Number of protein chains: 2
Amino acid sequence: MAEPQTRTRIQKKNRTTILDAALDVFSQFGFRGSTLDQIAKAAGLSKPNLLYYFPSKEAIHVELLSCLMDTWLDPLRDLDPNGEPRAEILAYMRRKLEMSRNYPRESRLFANEILQGAPRIMGAIEGELKDLTDEKAAVIQGWMDAGKIAPSHPYHLLFSIWSLTQHYADFDVQVRAVLGNEGDDPFPAAEQYLETLFTKLLTV
Amino acid sequence: MAEPQTRTRIQKKNRTTILDAALDVFSQFGFRGSTLDQIAKAAGLSKPNLLYYFPSKEAIHVELLSCLMDTWLDPLRDLDPNGEPRAEILAYMRRKLEMSRNYPRESRLFANEILQGAPRIMGAIEGELKDLTDEKAAVIQGWMDAGKIAPSHPYHLLFSIWSLTQHYADFDVQVRAVLGNEGDDPFPAAEQYLETLFTKLLTV
DNA sequence: TGATTGTTTGACCAATTGGTCAGAAACACG
DNA sequence: CGTGTTTCTGACCAATTGGTCAAACAATCA
């Protein structure tokens with residue numbers, strides 16, 4: 001996207017500081033619900049200083065999203081067509097769940113964007129995301145045709161992995177409220193449950 | 001909540017018009033991302049006229065959410081402890097999926113609120129929602145203990161129904177983009193896939 | 001009909017929004 | 001040191017925000 005630029009030490013530090021603060025704010029309030037003042041305050045910088053590093057509010061958001069999309073697709077990229085089918089899919093589910101645990105802000109930023117109709121990211125959805133999904137769905141279809149896993153709908157199988165794992169980041173507040181605030185980490189039980197679920201689904 | 005009030009014909013009509021328009025806007029942009037002007041325009045009314053029927057922007061939002069919470073929980077309320085366990089759970093999943101299909105705006109409004117930390121709805125989450133979930137989770141646990149369905153985690157089972165079904169409303173844009181815009185309705189295939197998934201999960 | 005009540009609006013307000021700009025301050029480097 | 005560049009800020013701007021209000025308009029009903 002952005003052509004590589006020579007950046008000073010200060011530039012690098014402040015840009016990452018700003019992006020981190022913006023991730024906090026955007027992931028909670030969405031694009032239109034977030035203000036530059038909020039981001040500036042969260043970053044510990046002045047508002048004009050933000051605009052010294054980024055040309056506009058939208059530029060910050062776009063930068064965040066385009067950085068995100070890459071790492072977002074990594075777990076799926078690592079699905080190995082030559083691996084053992086059921087283990088590969090289970091491992092993919094685990095990687096996605098791990099992302100929900102370790103990067104909940106990124107998950108919420110993404111969810112916010114999709115909820116709003118993906119106005120600033122539709123290109124990547126119809127491009128990178130769709131291409132990769134098509135490719136991996138074909139792999140899974142191949143496994144099903146070969147009788148290595150139980151037949152079902154490859155695309156909806158992927159959707160189910162996305163929704164089930166991202167749920168624990170996006171709806172974290174609800175999950176914890178329902179489970180009761182016993183300080184429990186819901187993730188271990190979630191992983192165990194999802195392992196059972198997908199093992200049963202995939203077993204012929 | 002609001003005490004019953006005598007309302008004229010015009011009041012009834014305009015209040016529902018406003019709430020419907022507000023649902024459109026809030027469900028897309030979230031609370032802070034939506035403006036009274038947007039809602040007024042969508043409702044075909046002037047901004048001061050909105051504020052003749054509702055005291056504030058927040059009042060509209062709260063009214064929407066409290067109306068929503070009731071119908072939102074209906075599908076789970078109908079889970080019959082005396083029914084055939086597997087059929088009951090499958091029917092619940094189908095009711096939830098039907099809600100995603102018929103009321104996607106409500107689903108997105110809810111998702112937006114939870115994403116933002118549920119600031120205006122936490123009471124209902126920790127109250128009505130948690131109570132009902134506790135009750136039904138106990139029912140499911142009973143079924144598992146009696147060996148009528150395969151043992152797994154009742155709460156995460158409910159979470160999985162929520163996330164899988166709501167995904168088709170909240171991430172509708174992504175689902176359609178990935179499946180390709182062949183004008184297909186993704187719901188029939190989704191229902192079939194989810195039936196398979198839960199049938200396998202619940203079978204002993 | 002007229003008087004009362006219910007409905008609608010244009011004009012207005014203070015606060016907040018994203019963004020600009022000239023210059024001050026801090027830094028880099030010969 | 002000094003000079004040029006990078007970094008930072010206070011003051012400011014036009015546009016938009018949620019909300020008010022008096023007055024105009026419409027509905028109702030005696």
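Computed from heavy atoms alone, side chains included, the values below leave out hydrogens, waters and symmetry copies. To find a chain, count down the sequence lines: A is the first, B the second, and so on, and within it residues start at 1. Computed from a prediction, not measured in an experiment: that's the story for all the values here.
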A.B. asks: Roughly how many Å is it from CZ in A:R32 to P in C:dT17, rounded to a whole number?
C.D. replies: 14 Å

A.B. asks: Which sits closer to the 5' end of DNA chain C, B:G44 or A:S56, going by the nucleotide each is nearest to?
C.D. replies: B:G44

A.B. asks: Just to confirm, is there a sub-4.0 Å distance from OP1 or OP2 of C:dC21 to any side-chain nitrogen or oxygen of A:Y52?
C.D. replies: no

A.B. asks: Which one, D:dG18, C:dT9, C:dT20, comes nearest to the side chain of B:L36?
C.D. replies: D:dG18

A.B. asks: Figure out the CZ/P separation between A:R15 and D:dC8, and round it to whole Å.
C.D. replies: 13 Å

A.B. asks: Does atom OH of A:Y103 have more than 12 heavy-atom neighbours, drawn from other residues, nucleotides or ligands, at distances under 6.0 Å?
C.D. replies: no

A.B. asks: Measure from the side chain of B:K47, starting at C-beta and using heavy atoms only, and say which of C:dT8, C:dG18, D:dG19 lies closest.
C.D. replies: D:dG19

A.B. asks: Would you kindly give the NZ-to-C1' distance between B:K13 and D:dA26, to the nearest whole Å?
C.D. replies: 13 Å

A.B. asks: Whole angstroms only, please: what is the CG-P distance between B:D37 and C:dT16?
C.D. replies: 18 Å

A.B. asks: Is the distance from OP1 or OP2 of D:dT7 to the nearest side-chain N or O of A:Q11 less than 4.0 Å?
C.D. replies: yes

A.B. asks: Among C:dT8, D:dT7, C:dT9, which is the nearest nucleotide to the side chain of B:I10?
C.D. replies: C:dT8

A.B. asks: Base, sugar-phosphate, or nothing for A:F54, non-hydrogen atoms under 4.0 angstrom?
C.D. replies: nothing

A.B. asks: Using atom OH of A:Y53 as one end and atom C1' of C:dG19 as the other, report the distance to the nearest whole Å.
C.D. replies: 18 Å

A.B. asks: Whole angstroms only, please: what is the CG-C1' distance between A:N49 and C:dG19?
C.D. replies: 14 Å

A.B. asks: So, is the end of the B:R32 side chain (NZ or CZ) under 6.0 Å from the ring centre of A:F29 and within 45° of the ring's axis?
C.D. replies: yes

A.B. asks: For the pair B:R95 (side chain) and B:P75 (backbone), establish whether a donor and an acceptor sit closer than 3.5 Å, ignoring hydrogens and angles.
C.D. replies: yes

A.B. asks: Just how far, in rounded Å, is P of D:dG10 from CG of A:L50?
C.D. replies: 14 Å

A.B. asks: Is there a donor on the side chain of B:K57 or the base of D:dG19 sitting less than 3.5 Å from an acceptor on the other?
C.D. replies: no

A.B. asks: Nearest of C:dT17, D:dA11, D:dG18 to any side-chain atom of A:P48?
C.D. replies: D:dA11

A.B. asks: Just the rounded figure in Å: distance from C1' of D:dT17 to CG of B:L51.
C.D. replies: 12 Å

A.B. asks: C:dT9 phosphate, OP1 or OP2: any side-chain N/O from B:S46 under 4.0 angstrom?
C.D. replies: yes

A.B. asks: Under 4.0 Å: is that the gap between some side-chain N or O of A:N14 and OP1 or OP2 of D:dT6?
C.D. replies: no

A.B. asks: Per the side-chain hydrogen bond (donor to acceptor under 3.5 Å, both in side chains) rule, which among B:S100, B:S163, B:S107, B:S27 passes with B:D170?
C.D. replies: B:S107

A.B. asks: Determine whether the aromatic ring centres of residues A:Y168 and B:H156 are separated by less than 6.0 angstrom.
C.D. replies: yes

